[in-house]
Amino acid sequence: VSSYTFIQFGNGIFGSDISVDEERYASPKDRECSFCHNDIIKHEFPHAPVLDDCQTCHQTTGNKHPRAKLKGFILVEKMPDLCYVCHEVQNDKNHVHSPVNSGDCNSCHDPHGSKYQYYSPKPSPTELCKECHDLEFDEKPIIHAAIELDGCNTCHDSHQSDHEALLTEEKLDLCMTCHDNISTDKKAKYQHVPFDDCNNCHNSHNTKYEHLLTASKEELCFTCHDDIGLKDSKYIHPVVDDEKGCANCHSPHASDFEKILKEDQSELCFSCHNENSQSTNIEKKVKGSKYIHAPVESGCNECHDPHA
């Protein structure tokens, strides 16, 4: 190639218009594309057409190639139709990922290949998603296990879906695929109203609070239940004010007992006010007595406020 001078333009190499053997460099058939483009076609995970024939995706314009500032090849189809020649159509469902919808497949995939799977420019789907979606992992360090273990694709389809937020299933059904211990709560007699949508109380990605809550337990419950009156009360029931808070007595999801209590009201009270209590063993006194005060038989709340 001593009769041909190469000049570097960006990532490609194009020939200058001096002393060119027109016939020798006329088409890809006469000279392999890798002669100039080796840097973009040699990958650990090469795209299949690259291994087959570059002209699967590229076609000549009729101009001699290479030439500075003169396009020698164009795509055989516009994007994303070119991808759909081989790949299943990914933009015909109710919700389509914006880069897919705009036909910009190359924003997430390198069309020639990559050192990562799926021809991704990033080592994992999650790292790729973070290029556009800021989930504030540093500020909210408690991360949903599904993201840490298997990445965003555990819950989202990266191309399209019939469900909002590109979820792979309806939201509640999706949560239950992992949290099957909670699925039985949907059969309970009394349902906590926010339980219709887990995101009412939980962040599905990451947060600063345990159990992926959107706020601390106390703050979260009081966003709806601000009529309990703790701030104005002199005496507060200790179980309301400890680490577990409301969850000591109430199920946050559902229950077969009124007020979504974990047990029948009296039995729930006796779970603390028994022989282990620092004060009187109320359970023994009530259950072991022949004559019981009528309000006690109706439930402790006849005389006591359970909160404050």
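Everything numeric in this text was worked out from a predicted model, so none of it was measured.
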Less than 4.5 Å apart, side chain to side chain, heavy atoms only: is that true for [X] and [Y]?
| X | Y | result |
| --- | --- | --- |
| C57 | L82 | yes |
| Y84 | N91 | yes |
| Q191 | K186 | yes |
| S271 | E263 | yes |
| H144 | H205 | no |
| L220 | Y209 | no |
| L172 | D197 | no |
| H192 | S251 | no |

S102 and D104: side chain donor to acceptor below 3.5 Å: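 There is no such pair between these side chains.
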Does a side chain donor of either Q160 or D92 reach within less than 3.5 Å of an acceptor in the other side chain?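 Present: a donor and an acceptor within the cut-off.
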Under 3.5 Å, is there a donor-acceptor pair between the side chain of [X] and the main chain of [Y]?
| X | Y | answer |
| --- | --- | --- |
| S124 | E127 | yes |
| S120 | Q117 | no |
| H97 | S158 | yes |
| D110 | Y119 | no |
| S161 | T168 | no |
| S289 | Y291 | no |
| D180 | S183 | no |

Anything under 30° is parallel, anything over 60° is perpendicular, the rest tilted; go ahead and classify F195 against H253.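 Plane angle between 30° and 60°, so tilted.
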Would you please classify the geometry between the H273 ring and the H237 ring as parallel, tilted or perpendicular, with 30° and 60° separating the classes?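 Parallel, since the angle between the ring planes stays under 30°.
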Would you call [X] and [Y] a salt bridge, taking side-chain N to carboxylate O under 4.0 Å as the test?
| X | Y | value |
| --- | --- | --- |
| K208 | E136 | no |
| K284 | E275 | no |
| K217 | E210 | yes |

[atom1] of [X]: more than 12 outside heavy atoms within 6.0 angstrom?
| X | atom1 | result |
| --- | --- | --- |
| E139 | CD | yes |
| K259 | NZ | no |
| K122 | NZ | no |

Between H65 and F73, does the ring centre distance come in under 6.0 Å? yes
Flag this pair as yes if the NZ/CZ of K262 is under 6.0 angstrom from the six-membered ring centre of F257 and inside a 45 degree cone about the axis; otherwise no.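 Here K262 fails the 6.0 Å and 45° test against F257.
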